[in-house]
Amino acid sequence: MRVQVAIIGAGPSGLLLGQLLHRAGIDAVILEQRSPEYVLSRIRAGVLEQGTVALLERAGVAARLRAESLAHRGVGIAFGGSRLRFDLQELVGKSMAVYGQTEITRDLMEARAAAGARTIYEAEEVSVHGFAGTKPTVRWTKDGAARELECDFIAGCDGFHGVTRAAVPQSAIRCFEREYPFGWLGILSDTPPVDLEIFYAFHERGFALCSMRSTSRSRLYVQVPLTERVEDWPDERFWAELRRRIDPDAAARIVTGPSIEKSIAPLRSFVAEPMRFGRLFLAGDAAHIVPPTGAKGLNLAASDVHYLSQALIGWYRTGSAAELDGYSGRALARIWKAERFSWWLTRLLHRFPDEGEFLWKMQQAELEYLAGSRAAQTALAENYVGLPY
Ligand code: RFL
Ligand code: PHB
């Protein structure tokens, strides 16, 4: 089999890249190790920047998003018994859209099926070869049989634990990493959102976040030590802990109910440089991870895919490699700024168990400063809505 672009991974990066290439007349196959049902069962991101929404519009997959997403003009931080609200629209003229990653993935899968584009699910032992030269290949097994694909380019969209970044010789790649000494315990529940807008909470018992997927479905998180196990968190314990950490007005209004998903995610900052190795290009979580504070992960995957699709389209239209050569630098410039913001917001809002009272005092002082300074609020808002592409 031969194809122009082989995409590894059918998460949002791979599916969106496939869709943008397809609309430009470029032939791409996606290889995914899981089943479509498994991919759709992963509950992850839910907050989209306007740039991400615009890209989904350009990809022709925004009809349901337009109809069903919730526009969020503002975001809050609860601390010291009350709530600080950042009016994003007023501060920087932009807002956010609440629409689940699962829904984006579903919309992209449906568009791909309607276009008759090929996705090979449950591809096992995927491996990438020859990308230092001009004839890369991808190998995998399916139903016990070995398969091979020849291509012009490979796009590594296979997430943090994928095979593409790992296939790069160690001497050609540098990784920068920070692990945080806590995780987020998250639940999804068919209960009304705690408030109309998303808010983060800073509390001596630890961070919390009240988000949503719709007007009747909540997504909620509390900071927990990494040693914690989901089994030790029956729903009642989760709700009680959340109530303690948010402002009393919100705590009094919470409507509780059974969780329909519950999991613990560790927090990590990670960047691999560069993002291009000959004819292999990395995009999304395959190249970088942000802690979820600030909701940048999926949005960064979208900006990578924007740059990469433009570079590939440019190459096929004009034969010029200029944009392919510039891809890694362009993508990383935006990534590092989002890494900085996510790291900063994580440090501002969480309880760091091994840091003394000094950091805790600094966090409080910074929140007081944010509460009183329009300049500081504008800086937060500018980063939260997403820096320009
Ligand atoms: P994904 O989604 O991990 O998809 C990679 C795909 O590659 C497949 N794969 C392989 N396929 C073939 N062969 C192999 N060897 C393979 N290895 C892996 C996988 O099965 C998978 O289908 O990466 P992608 O596409 O780059 O997308 C990135 C986003 O998923 C991620 O950045 C966001 O979910 C991060 N994130 C958030 N981002 C936001 O922008 N806003 C948010 O509100 C937000 N909240 C979150 C989040 C991530 C979270 N977790 C659990 C990681 C909340 C959470 C809790
Ligand atoms: C979510 O809705 O899952 C969410 C919202 C904001 C974040 C992270 C996750 O910063």
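Every number for a ligand or one of its atoms is a count from 1 in the order of the listing. As the structure is a prediction and not an experimental result, all values here were calculated from the model.
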Any idea which part of Glu32 is under 4.0 Å from ligand 1, heavy-atom wise: side chain, backbone, both or neither? both
Electrostatic pair Asp87-Arg85, nearest N-O below 4.0 angstrom: yes
Looking only at N/O atoms, are Arg213 and ligand 2 under 3.5 Å apart anywhere? yes
Against ligand 1, does Phe160 come closer than 4.0 Å with any heavy atom? no
Under 4.0 angstrom from ligand 1, any heavy atom of Arg42? yes
What is the closest protein heavy atom to atom 12 (C) of ligand 1, and at what distance does it sit? Gln33 N, 3.3 Å
Nearest protein heavy-atom contact for atom 52 (C) of ligand 1: which residue, which atom, what distance? Arg44 NE, 4.1 Å
Any Gly186 heavy atom less than 4.0 Å to ligand 1: no
May I ask you to check if ligand 2 and Ala45 share an N or O to N or O distance below 3.5 Å? no
Would Arg347 and Trp343 count as a cation-pi pair here, with the cationic atom under 6.0 angstrom from the ring centre and within 45° of the axis? yes
Give the single entry among Tyr200, Tyr221, Tyr384 that approaches atom 7 (C) of ligand 2 most closely by any heavy atom. Tyr200
So is Ala123 close enough to ligand 1, meaning a heavy atom under 4.0 angstrom away? no
So, is Ile198 polar-close to ligand 2, with some N/O to N/O distance under 3.5 Å? no
